[in-house]
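Everything on this sheet refers to the single structure shown next.
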Amino acid sequence: MEGSEQLYHRICGKLLGEGSITKQGNRNSWFQFIHRIEDLGWAEYCYSQLKEVLPLTPPVYKRIIDTRLKKGFSECYTVQSRTHEVITGLYQTWYPAGKKKIPFQFLNRYLNEEALSWWYQDDGHLKVVNGKMSKVILSTDSFSTEKNIQLIALLFDKFGLHFAFGGQNRLILYNQFQITYFLKLVSPWISEAMKRKEAVELPRRPVSKRTTIYLPSTISLLKPTAEINEKLNRLDTLICHDGKIVCHASLFKLFTENCSAVSEISAYQIRIQDFQREKLASIRQQTGLTVSQLVDYCFRV
């Protein structure tokens, strides 16, 4: 089917998020997703991206009585499909015994950056505290602990993302660089309706002239101030010809492959030259990397 590969990427993200497939008795199955009234724009976007391949109805307003809520009801928009051979196949994959079960073989094939973006826009949250991105949360509380642990492993294997298993059975990114990296991965598919989930510009903080640098003990320095300032010239490899910082895939790949904890570190108190401090502050602002990580990079590049 034309466009089916991209369809499966989007459906993969949707079924990890707010999407579901329903089957009653011997009737054929149908696909649907529901979003709160405030997210009508996102429901309309998903509908527009799927309607050319799947027989979907446009978003329909629903008011649901719920005595647990202060106003006594909730409001949402529902998009539902008619029966379709693709949905029948997806039901067999995602609901093998009539109950939703994460099909990791399917995810291995179809969970790409676009699918990750749809999942994040459906069930993700970016927490910003005092202008700083503090965490990215994927709400996976409907999945079992065992499946969430498998999801963490899959996200690391496919994207180099180090999600932690957080409270309320959710997946969480805490590391500033990892948050920046994640948001770069999903940014091409963030819809206008979900701008609130885009990365915010990190505050630019000055780097102290005298500071402590932490490096793996495998890097041994006799004259730390002179040697580190000399190596910092290699920061220029992160800066393109027009003076902007390069945050491209190779940079992220380098740091995601080398971000495992180091058992032994050495601390060096040094004085950093003014022009190097400016470069460090600028790169830190745009990548979320620490000064020590950037110095470590300069010794490895």
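Hydrogens, waters and symmetry mates play no part in the numbers below; they use all other heavy atoms, side chains included.
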Taking everything shown except [X] itself, do over 12 heavy atoms lie less than 6.0 Å from its [atom1]?
X      : atom1 : answer
Lys223 : NZ    : no
Lys158 : NZ    : yes
Arg210 : CZ    : yes
Lys195 : NZ    : yes

Does the [X] side chain pair with the main chain of [Y], one donor and one acceptor, at a distance under 3.5 Å?
X      : Y      : value
Asn28  : Thr83  : no
Arg10  : Gln49  : yes
Gln121 : Trp189 : yes

Just by distance, with hydrogens left out, do [X] and [Y] show a side-chain donor and acceptor under 3.5 Å apart?
X      : Y      : answer
Gln293 : Thr290 : yes
Tyr47  : Thr57  : no
Asp123 : Ser139 : no

Checklist entry - Salt bridge or not for Arg234 and Glu230, using N-O below 4.0 Å? => result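 Looking at Glu230 together with Arg234, the answer is no, because their closest N to O distance does not fall below 4.0 Å.
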Checklist entry - Do the rings of Tyr91 and Tyr95 sit parallel, tilted or perpendicular, given the 30° and 60° boundaries? => result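 The arrangement is parallel - the two ring planes meet at less than 30°.
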Checklist entry - If you take all heavy atoms of Ile172 and Lys135, which pair is closest and at what distance? => result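 Of all heavy-atom pairs spanning Ile172 and Lys135, the closest is CG2-CB, 4.0 Å.
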Checklist entry - Of all heavy-atom pairs between Gly19 and Asp122, which one has the smallest distance, and what is that distance? => result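 Heavy atoms of Gly19 and Asp122 come nearest at N-OD2, 4.0 Å.
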